[in-house]
Amino acid sequence: QKEVEQNSGPLSVPEGAIASLNCTYSDRVSQSFFWYRQYSGKSPELIMSIYSNGDKEDGRFTAQLNKASQYVSLLIRDSQPSDSATYLCAVNGGSGGYNKLIFGAGTRLAVHP
Amino acid sequence: AAGVIQSPRHLIKEKRETATLKCYPIPRHDTVYWYQQGPGQDPQFLISFYEKMQSDKGSIPDRFSAQQFSDYHSELNMSSLELGDSALYFCASIKGLNTEAFFGQGTRLTVV
C-alpha cells in the first residue's frame, strides 16, 4: 500500500464547474499536508498547505483535512482550462520524520471549455 | 521574490559517467530535499538536509551522494550513471522543518 493514495484520473470537468480531488494517507501521525500542481515536464507548484482539521480557503481553492479519516481533499471552484494539470497530494511529518515529503501518484485534471 | 535555483537545467551524459547537480535554496531557507521523477511517475524522495546535516534518506542508490554546504546550497553527485537514471531531478527549499516546500525548475538528466 502506498503511503499516499490518489485516484489517477483523468478527472474531466467542464469549465466553470467544481473539481474535487481526494487523497488518503496511511501514516496516522502525519502532521502537514500539501497540494501541488504540476504541468507536464515542469516542477511541482505549491497550491495549498493545511495542518489542522477543517477547511482552508485561498481564492478558488479550498483544502479540507480530516485526520480521523486520514483524508485530505482539494476543491477547485470555477475551474478553468488553465487548471488542467496533475495535482499531487503530499504529506510530511509522519513516523518517518519531519524531513520527508511523500507524494501520491497524482490526479490528472482536464477542464474542457 | 527569489526562487530555488537548480543547475544545470539540462544535462546529457554517457553511461558510466558522473554528474553533479546543484541546488541553491531560497535565501534564509535551511532545508533541502532532493527528488527524482521519471516519466509519468510521482516524485520519489531521495535525500534531505537540514542545517547542513543529512536528515532523512529515501530510495537513493549507493552510487549517488549528496551534501549541503555552509551557504546552504546542495549538490547531488551521481556516479556510474545508468540509462535508468534518466529523469527529472528536483530540489525543494524549506525554512525549518515540516513546512511548505518550494521546488526549483529541475534538472533534466539524460543518460545515453
Side-chain angles (χ1 to χ4, degrees), chain A residues 1-10 21 23-25 27 29-52 56 58 61 63 65 67 72 85-108, chain B residues 1 3-6 9-10 23 25-26 29-60 66 68 74 86-110:
Chain A
Q1 179 192 7
K2 273 183 74 76
E3 294 182 60
V4 181
E5 299 267 11
Q6 295 180 255
N7 289 325
S8 62
L21 305 164
C23 170
T24 58
Y25 58 95
D27 192 333
V29 301
S30 297
Q31 297 289 315
S32 53
F33 308 87
F34 308 93
W35 284 99
Y36 287 84
R37 175 172 63 194
Q38 187 175 32
Y39 296 107
S40 180
K42 304 296 185 183
S43 60
E45 174 192 5
L46 181 67
I47 297 176
M48 294 283 286
S49 60
I50 187 165
Y51 302 93
S52 54
K56 179 181 178 182
D58 184 0
F61 300 96
L65 174 62
K67 289 187 177 181
V72 57
T86 296
Y87 288 80
L88 297 164
C89 174
V91 176
N92 201 348
S95 54
Y98 288 97
N99 261 348
K100 188 176 181 179
L101 188 63
I102 303 300
F103 285 91
T107 298
R108 281 193 299 127
Chain B
V4 183
I5 306 297
Q6 289 189 246
R9 293 291 307 278
H10 302 273
C23 172
I26 293 168
H29 281 200
D30 47 17
T31 303
V32 169
Y33 299 167
W34 283 98
Y35 287 85
Q36 177 192 61
Q37 187 173 29
Q41 298 180 357
D42 54 292
Q44 294 296 308
F45 173 74
L46 293 177
I47 195 166
S48 62
F49 293 90
Y50 169 63
E51 280 292 344
K52 296 158 277 185
M53 299 288 289
Q54 181 184 310
S55 59
D56 213 327
K57 202 169 182 180
S59 51
I60 184 170
Q68 187 178 32
S74 179
S86 295
L88 274 168
Y89 290 83
F90 295 109
C91 77
S93 166
I94 304 98
K95 184 171 175 57
L97 298 172
N98 205 19
T99 60
E100 295 174 340
F102 299 92
F103 282 79
Q105 300 278 54
T107 294
R108 181 175 294 280
L109 173 67
T110 303

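Per chain, numbering begins at 1; letters A, B, ... match sequence-line order. Just so it is clear, the values below take in all heavy atoms, side chains as well, and ignore hydrogens, waters and symmetry mates.
Neither the backbone nor the side chain of Gln41(B) comes within contact range of chain A, judged by heavy atoms closer than 4.5 Å. When heavy atoms are compared at a cutoff of 4.5 Å, Gln38(A) approaches chain B solely by way of its side chain, counted from C-beta outward. For Phe103(A), the parts lying near chain B are the backbone and the side chain together; criterion is any non-hydrogen pair under 4.5 Å. For Leu101(A), the parts sitting under 4.5 Å from any heavy atom of chain B are the backbone and the side chain alike.
Within a 6.0 Å radius of NZ in Lys42(A), other residues, nucleotides and ligands contribute 12 heavy atoms or fewer.
Atom OH of Tyr33(B) is separated from atom NZ of Lys100(A) by 11.0 Å, given to the nearest 0.5 angstrom. Atom OG1 of Thr99(B) and atom CZ of Phe34(A) lie 6.5 Å apart (nearest 0.5 Å).
Under the side-chain hydrogen bond (donor to acceptor under 3.5 Å, both in side chains) criterion, Gln6(B) pairs with no residue, sequence neighbours left out. Among residues two or more places apart in sequence or in another chain, the salt bridge (charged side-chain N to carboxylate O under 4.0 Å, His left out) test is passed with Glu51(B) by none.
In plain terms, the two heavy atoms of Gln105(B) and Ser43(A) that are nearest each other are OE1-OG, 3.8 Å.
Residues Leu88(A) and Pro43(B) are in side-chain contact: their nearest non-hydrogen atoms beyond the backbone lie under 4.5 Å apart.
Between chain A and the residues Pro39(B), Gly40(B), Ser48(B), the largest count of heavy-atom pairs under 4.5 Å involves Ser48(B). Contact tally against chain A (heavy-atom pairs below 4.5 Å) for Gln37(B), Gln44(B), Arg108(B), Glu100(B): the top residue is Glu100(B). Interface remark: of the candidates Ser8(A), Gly104(A), Pro44(A), Ser49(A), Pro44(A) forms the most heavy-atom pairs closer than 4.5 Å to chain B.
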